[in-house]
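Both ligands and their constituent atoms are indexed starting at 1 by order of listing. FYI, side chains are in, hydrogens and waters are out, and symmetry mates aren't considered; it's all heavy atoms of this structure.
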Amino acid sequence: MANKGILLVNLGSPKSTEVKDVKEYLDEFLMDEKVIDYRWIFRALLVRGIILNTRPAKSAEAYKTVWTDEGSPLVVITEKIQKKLQKLVDVPVEIGMRYAQPSIEAGIQKLVDQGVTEIVLFPLYPQYAMSTTETVIEKAEEVRKKKFPTVKINYIQPFYDREIYINCLAESIKEKLPENFDALQFSYHGVPERHIYKTDPSNTCKIDDANCINSKIEAHNARCYRHQCYKTTETVIAKMGLPKEKTIVSFQSRLGKDKWIEPYTDETLETIPKKGIKNLAIVCPAFVSDCLETLEEISVEGKEQFLHGGGENFHYIPCLNDEDRWIEVVKTLCEEKLNEFYFV
Ligand SMILES: C=CC1=C(C)c2cc3[nH]c(cc4nc(cc5[nH]c(cc1n2)c(C)c5CCC(=O)O)C(CCC(=O)O)=C4C)c(C)c3C=C
Ligand SMILES: [Fe+2]
Ligand SMILES: [Fe+2]
């Protein structure tokens with residue numbers, strides 16, 4: 001009889017805020033060809049020849065502002081999710097990070113050491129992107145084939161369209177909204193436009209923005225990150241009963257000189273006060289756990305940009321983190337996949 005287990009996978013953080021550790025982390029992250037998708041030589045020239053000369057020091061300073069006594073918020077929160085989930089299920093639950101430690105390999109090893117032979121692996125990203133879900137699955141398969149060839153892994157797919165998740169997110173946002181706000185901004189992590197086009201076999205996403213965003217799920221947008229972000233917003237606000245006119249969608253955290261998907265969060269934050277939006281609530285639903293990109297880039301820098309542009313009140317809405325209602329969703333999605341093992 002097979003023994004089952006769960007591996008929760010998140011992005012990962014540097015092991016400390018020291019510049020050398022941030023550099024090592026950024027090297028592994030940005031040399032991933034699913035993140036910077038140039039041929040190896042051009043990727044190495046850009047990452048090792050340019051980005052790693054200056055960015056680690058800057059990022060280390062940013063990490064220092066969010067780091068806690070227990071470590072990086074992203075890793076600490078993922079551990080909290082693991083502990084809470086472990087109390088609700090009767091199979092072992094471990095965590096693995098796509099970059100840095102604890103690695104996906106270390107997570108699988110811990111499960112195998114407990115006798116597990118069938119793993120449900122949960123990439124903790126609501127929307128699909130080649131730089132997130134795809135690279136996690138590719139890495140896990142590489143590790144499995146090399147080190148654990150007899151272990152089976154069943155992957156949880158992006159869940160941006162699952163009713164249980166949408167209900168959970170809508171309730172969580174509603175509870176944290178201030179009484180008065182002029183708009184609710186949904187700021188998703190950005191990706192280069194090229195990544196969107198690469199996942200659209202028909203090229204529709206490139207030709208027609210509106211079609212990319214609005215159309216029903218078809219072959220061209222089944223794995224389209226931009227489409228999935230807009231759909232997340234649309235279904236959440238429908239659930240909340242919030243009019244579309246009171247919402248904004250934007251994309252944050254761009255890197256380098258490529259064109260990333262628009263509108264950009266930082267530019268939006270500077271300009272919306274001039275359009276009369278003085279009281280803003282903002283949420284970041286590409287992230288299930290708070291991290292550098294939410295706690296520093298949005299809560300601190302984003303707030304400054306908004307106030308600088310003439311805004312008056314900026315209200316950051318935290319991610320789902322280890323909220324009980326979210327842990328229930330994680331449990332349901334994991335249990336569905338655990339049960340599928342009976343049919344594969
Ligand atoms: C939520 C989904 C994410 C997507 C899509 C994504 C794409 C992506 N990211 C970079 C570059 C960087 N991202 C960084 C941090 C970071 N990114 C995500 C998530 C997504 N990235 C998270 C959760 C975090 C925070 C990690 C933490 O420790 O808290 C960073 C490092 C920080 C910094 O130096 O600013 C970089 C760099 C690219 C290039 C990309 C798509 C191509
Ligand atoms: Fe990122
Ligand atoms: Fe699209």
Side-chain angles (χ1 to χ4, degrees), residues 10-15 17 21-23 25-38 43 46-47 51-52 54-63 65-67 71-78 97-100 123-136 158 160 187-215 217-231 251-256 258 260-261 284-298 301 319:
N10 211 333
L11 186 112
S13 297
K15 65 172 174 273
T17 59
D21 292 333
V22 176
K23 189 171 182 176
Y25 162 78
L26 289 177
D27 185 53
E28 185 188 356
F29 186 179
L30 300 176
M31 283 305 289
D32 178 349
E33 65 179 332
K34 298 283 174 186
V35 176
I36 301 220
D37 54 329
Y38 298 159
R43 185 163 65 249
L46 175 65
V47 174
I51 298 176
L52 292 185
T54 52
R55 193 161 184 108
K58 217 174 124 230
S59 292
E61 285 309 308
Y63 271 110
T65 67
V66 302
W67 213 259
S72 136
L74 179 133
V75 176
V76 171
I77 293 163
T78 312
M97 298 290 154
R98 173 60 186 87
Y99 311 106
L124 291 168
Y125 305 107
Q127 300 83 16
Y128 174 92
M130 58 186 255
S131 51
T132 55
T133 318
E134 190 169 313
T135 184
V136 165
Y160 74 99
S187 175
Y188 295 87
H189 198 301
V191 294
E193 266 193 354
R194 194 179 53 255
H195 288 207
I196 300 293
Y197 306 150
K198 277 189 170 176
T199 52
D200 169 13
S202 71
N203 244 354
T204 314
C205 296
K206 190 173 191 169
I207 296 160
D208 183 353
D209 265 8
N211 200 351
C212 163
I213 293 163
N214 297 326
S215 64
I217 293 293
E218 294 162 278
H220 78 85
N221 61 21
R223 292 191 307 151
C224 175
Y225 177 75
R226 176 167 57 171
H227 174 80
Q228 297 190 2
C229 294
Y230 276 96
K231 279 292 161 199
F251 299 92
Q252 64 182 81
S253 318
R254 64 191 186 281
L255 176 81
D258 287 332
W260 283 45
I261 52 176
C284 302
F287 309 91
V288 298
S289 47
D290 275 303
C291 60
L292 183 69
E293 311 299 81
T294 61
L295 299 171
E296 199 272 338
E297 189 182 337
I298 299 300
E301 274 188 48
C319 298

Notebook entry, point to check: So I217 and H227, side-chain contact (heavy atoms from CB on, under 4.5 Å) or not? Walk me through it.
Noted result: CA-CA 9 Å; I217 293 293; H227 174 80; 3.3 Å; yes
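Taking CH2 from W67 and OG from S72, the interatomic distance works out to 4.5 Å, rounded to the nearest 0.5 Å. E28 CD to M97 CE: the interatomic distance, rounded to the nearest 0.5 Å, is 12.5 Å.
Between C224 and I196, some side-chain heavy-atom pair lies under the 4.5 Å cut-off. The shortest side-chain heavy-atom distance between R226 and D209 falls under the 4.5 Å cut-off. Looking at heavy atoms from C-beta onward, H195 lies in side-chain contact with D37 at the 4.5 angstrom threshold. The shortest side-chain heavy-atom distance between L74 and F287 does not fall under the 4.5 Å cut-off. You'll find the side chain of N221 stays beyond 4.5 Å of the side chain of T204, heavy atoms only. Within the 4.5 Å cutoff, the side chain of R55 has heavy atoms near those of the L255 side chain. No side-chain heavy atom of Y230 sits under 4.5 Å from any side-chain heavy atom of Q127. Taking 4.5 Å as the limit, every side-chain heavy atom of D21 sits out of range of all side-chain heavy atoms of Y63.
Heavy atoms of V35 found under 4.0 angstrom from ligand 1 belong to the backbone as well as the side chain. Residue contacts with ligand 1 for I36 are absent, since no atom lies close enough (heavy atoms, distance under 4.0 Å). The side chain of S131, and not its backbone, has at least one atom closer than 4.0 Å to an atom of ligand 1 (non-hydrogen atoms only; side chain from C-beta on).
In this structure, the protein non-hydrogen atom closest to atom 1 (C) of ligand 1 is A286 O, 3.3 Å. Nearest to atom 37 (C) of ligand 1 among the protein's heavy atoms is L26 CD2, 3.8 Å. Summary of contacts: the protein heavy atom closest to atom 25 (C) of ligand 1 is E293 CG, 3.7 Å. Of the protein's non-hydrogen atoms, the one nearest atom 2 (C) of ligand 1 is T132 CG2, 3.6 Å.
Ligand 1 places these atoms under 4.0 Å from at least one heavy atom of S13: 27 (C), 28 (O), 29 (O). Residue L255 approaches ligand 1 through these ligand atoms, each under 4.0 Å from one of its heavy atoms: 39 (C). Which parts of ligand 1 touch V191 is read off a 4.0 Å heavy-atom cut-off, strictly below it: atoms 5 (C). If you number the atoms of ligand 1 from 1 as listed, the ones under 4.0 Å from a heavy atom of C291 come out as 23 (C), 25 (C), 29 (O). Atoms of ligand 1 found under 4.0 Å from any heavy atom of G12 (numbered from 1 in listed order, with element): 26 (C), 28 (O).
When the salt bridge (Lys or Arg N to Asp or Glu O under 4.0 Å) test is applied to D32, the partners found at least two apart in sequence or on another chain are R98. In this structure, the salt bridge (Lys or Arg N to Asp or Glu O under 4.0 Å) partners of K34, at least two apart in sequence or on a different chain, are E134, E138.
For the residue pair D258 and Y38, a side-chain donor N or O sits within less than 3.5 Å of a side-chain acceptor on the partner. Looking at E296 and T65, their side chains never bring a donor and an acceptor atom within 3.5 Å of each other.
Below 3.5 Å of separation, one finds an N or O of S59 facing an N or O of ligand 1. The N/O atoms of Y63, backbone and side chain alike, include one that comes under 3.5 Å of an N/O atom in ligand 1. Of the polar atoms of W260, none of the N or O atoms is found under 3.5 Å from an N or O of ligand 1, judged by distance alone. The N/O atoms of Y225, backbone and side chain alike, include none that comes under 3.5 Å of an N/O atom in ligand 1.
Ring-plane geometry between Y99 and F29 is classed as parallel, the angle between the planes falling under 30 degrees on a 0 to 90 degree scale with a further cut at 60.
In terms of modelled atom types and a separation under 3.5 Å, the side chain of T294 and the main chain of C291 share a donor-acceptor contact. Within the 3.5 Å criterion, the main-chain N or O of S253 finds no donor-acceptor partner in the side chain of E293. For the pair Y188 (side chain) and C229 (backbone), a donor-acceptor distance under 3.5 Å is present. Side-chain atoms of T135 do not come within 3.5 Å of backbone N or O of S131 as any donor-acceptor pair. Within the 3.5 Å criterion, the main-chain N or O of Y225 finds no donor-acceptor partner in the side chain of Y160.
With atom 18 (C) of ligand 1 as the reference point, the heavy atom nearest to it among M97, R55, H189 is part of H189. Nearest to atom 23 (C) of ligand 1 by heavy atom, out of Y125, F287, F251, Y188, is F287. Between the choices D258, V47, L292, the shortest heavy-atom distance to atom 32 (C) of ligand 1 belongs to L292. Comparing Y99, Y25, F29 by heavy-atom distance to atom 26 (C) of ligand 1, the nearest is Y25.
Ligand 1 lies within reach of H195, whose nearest heavy atom is under 4.0 Å from it. Between A62 and ligand 1 there is no heavy-atom distance shorter than 4.0 Å. The closest approach between P192 and ligand 1 falls below 4.0 Å for a heavy atom of the residue.
By the criterion of a separation under 2.8 Å, the protein N/O/S atoms near the Fe ion (ligand 3) amount to C205 SG, C212 SG, C224 SG. Near the Fe ion (ligand 2), less than 2.8 Å away, sit the protein N, O or S atoms H189 NE2.
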